[in-house]
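Since the structure comes first, as structure tokens, the remarks are kept for the end.
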Amino acid sequence: MNLPDLKKARIRTDKEVEYVYLDEHYQKLFAGQKYFLKTYGCQMNVHDSEEIAARLESLGFSKTDVLEEADIVILNTCAIRENAHDKLYGFLGRCKHLKKEKKDLIIGICGCMAQEENVVKEIMNKHQYIDIVFGTHNIYKLQDLIINKKEKQNIEVYSCEGDVYENISYKRDSKIKAWVNIQYGCDKFCTYCIVPYTRGKQRSRKSKEIIKEVEDLVKNGYKEVTLLGQNVNAYGKELKDEINFANLLEKVANTGIERIRFVTSHPWDFTDEMIEIIAKYDNIMPYIHLPLQSGSSRILKLMGRRYTKEEYLTLYHKIKETIPNVAITTDIIVGFPNETEEDFKETLEVVNACQFDSAFTFIYSPREGTPAAKIDDKIPMAVKEERLHKLNELINSYSLKANQKYLDKTVKVLIEGVSEKDSTKVFGYTETMKLVNVENASDKIGEIIDVKITDAKSFSLDGIYQ
Ligand code: SAH
Ligand code: SF4
Ligand code: F3S
């Protein structure tokens, strides 16, 4: 096993932090023991889990996918919707049961729910079998928390955002594509959203650190990077001497990495300069996730999204006209408090006008502490469910239509691995982020190849390597 360099992993760009020095003695402490790591939520959490895995392996733990084999279980939680709570406690029930047989099992909770005060209080009051809790700003404390675990719960949460860490070690899930954080937190405070509270204010990494990370990835054979942030195109805005997102994209493009993606863009921060840069560089993928949230300007205002329906449409068409063959996907929330039938119709109108490649759709879920949760909502859940159903049907019809445009065409696909459903095939993604199951290419994993598309469904394509 390649142990991460612990000393290096603890250097911060701006300020030193207090740490317990982890030496070789600690690295052997948990040798032979196993960790089970479960990740809920968005790409941010997926990437944080890559850091958590590296930290666990630095102590000697090795990974298992079987809960019953684990000596430590870490649940990396999401707080975006209310049902996240039920999902977590459902799983915790299994862990609690396991701990009855395995007294030394360590159970840890982290991620966005661990930043919620009421959740932590509940854990302290009702769930004493949980040993450690750490928030999104405290991942660096993980080794300390495990080593210093006592009879009492070890809790390390809520501390303020602090500085940006550099030289973090990750145990990346893929050797082909990598997540690269460019920014942490979010300053937008959309009225329905809990993220600014769980992830803190926006903190951008220095561009030279980002470029260094991408250059290292290129050296290590990575083909694709996805620049990661809640609001990637607001990159650098809070730093005095930093470049903007368009300039950062250009610098990343010049590292020579074969594919660059980025999530998530906010329409309000989308500039003409960005559009031009994306169109100019072949290695910046023509794929943009551009959350709409609602097609009604009235609801958008209540959501605090800072754009109108018309402004979204203008931006959408500008992107479509300037970037050849671009694919655009979106997020939509139905049933925001007191959303009328008329508001919902406007959302459908925008979907018809944009014909998105695909969309994530959600029923609004009130999150305690956010402004929207205080609104007295008169719309019954059944109405919201019906709206979601109608919206999904429309979205799916456009996804199918968008995919059908690929029939008989030859496109570039980065092959990532063996298909889950059919082990004779491999899978990968087009430049526009379409999932393709490919015949005849079992020896092409990690390569970008030309694939002829033979079939199109709503959620994937089939193709053959020729
Ligand atoms: N920063 C990104 C994504 C944030 S979370 C952005 O602004 O687009 C991902 C998606 O979850 C959001 O785009 C939104 O559609 C959805 N979401 C966030 N809060 C929600 C809530 N309270 N109820 C339902 N959906 C929500
Ligand atoms: Fe949440 Fe809005 Fe920030 Fe996205 S931009 S994370 S929806 S507050
Ligand atoms: Fe969930 Fe936190 Fe991401 S709330 S969506 S894991 S930023």
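For clarity, every value in this text was computed on a predicted model and none was experimentally measured. Order of appearance sets the numbers: ligands from 1, and atoms from 1 within every ligand.
- Side-chain N or O atoms of Asp269 include none that pairs as donor or acceptor with a backbone N or O of His266 at under 3.5 Å.
- Side chains of Ser49 and Thr39: a donor-acceptor N/O pair is present below 3.5 angstrom, by distance only.
- A distance-only check finds no donor-acceptor pair linking the side chain of Thr361 to the backbone of Ile332 [under 3.5 Å].
- Of the possible donor and acceptor atoms, none in the side chain of Asp331 sits under 3.5 Å from a partner among the backbone N and O of Ala359.
- For the pair Gln230 and ligand 3, a heavy-atom separation below 4.0 Å is found.
- Each of Thr308, Asp343, Thr340 was scored for a side chain to side chain donor-acceptor pair (under 3.5 Å) with Ser296, with one residue passing: Asp343.
- Not counting sequence neighbours, the partners of Asn231 by the side chain to side chain donor-acceptor pair (under 3.5 Å) test are Lys188.
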field: salt bridge (charged side-chain N to carboxylate O under 4.0 Å, His left out) assessment of Glu242 paired with Lys206
entry: CA-CA 7 Å; Glu242 201 41 274; Lys206 296 210 165 98; over 6 Å; no
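- The residues lining ligand 1, counting any heavy atom closer than 4.0 Å, are Ile80, Arg81, Tyr192, Gln230, Thr264, Pro291, Gln293, Arg305, Asp331, Ile333, Phe362, Ile363, Tyr364, Ser365, Arg367.
- Shown are the protein N/O/S atoms under 2.8 Å from atom 2 (Fe) of ligand 3, given by residue and atom: Cys112 SG.
- In this structure, atom 7 (S) of ligand 2 lies nearest to the protein heavy atom Tyr192 OH, 3.3 Å.
- Distance alone, capped at 3.5 Å, places no donor-acceptor pair between the Lys177 side chain and the Val225 backbone.
- Geometrically, Lys38 engages Phe91 in a cation-pi contact, judged by NZ or CZ lying under 6.0 Å from the ring centre and within 45° of the ring axis.
- A salt bridge links Arg261 to Glu224: one of the charged nitrogens lies within less than 4.0 Å of a carboxylate oxygen.
- Minimum heavy-atom separation, Cys95 to Leu105: O-CD2, 4.0 Å.
- Protein N, O or S atom count below 2.8 Å of atom 2 (Fe) of ligand 2: the structure gives 1.
- Not a single donor-acceptor pair under 3.5 Å links the side chain of Glu431 to the backbone N or O of Pro286.
- Below 30°, between 30° and 60°, or above 60°: for Phe362 and Phe360 the angle between ring planes is below 30°, a parallel geometry.
- A donor-acceptor pair under 3.5 Å links the side-chain atoms of Tyr235 to the main chain of Ser207, judged by distance alone.
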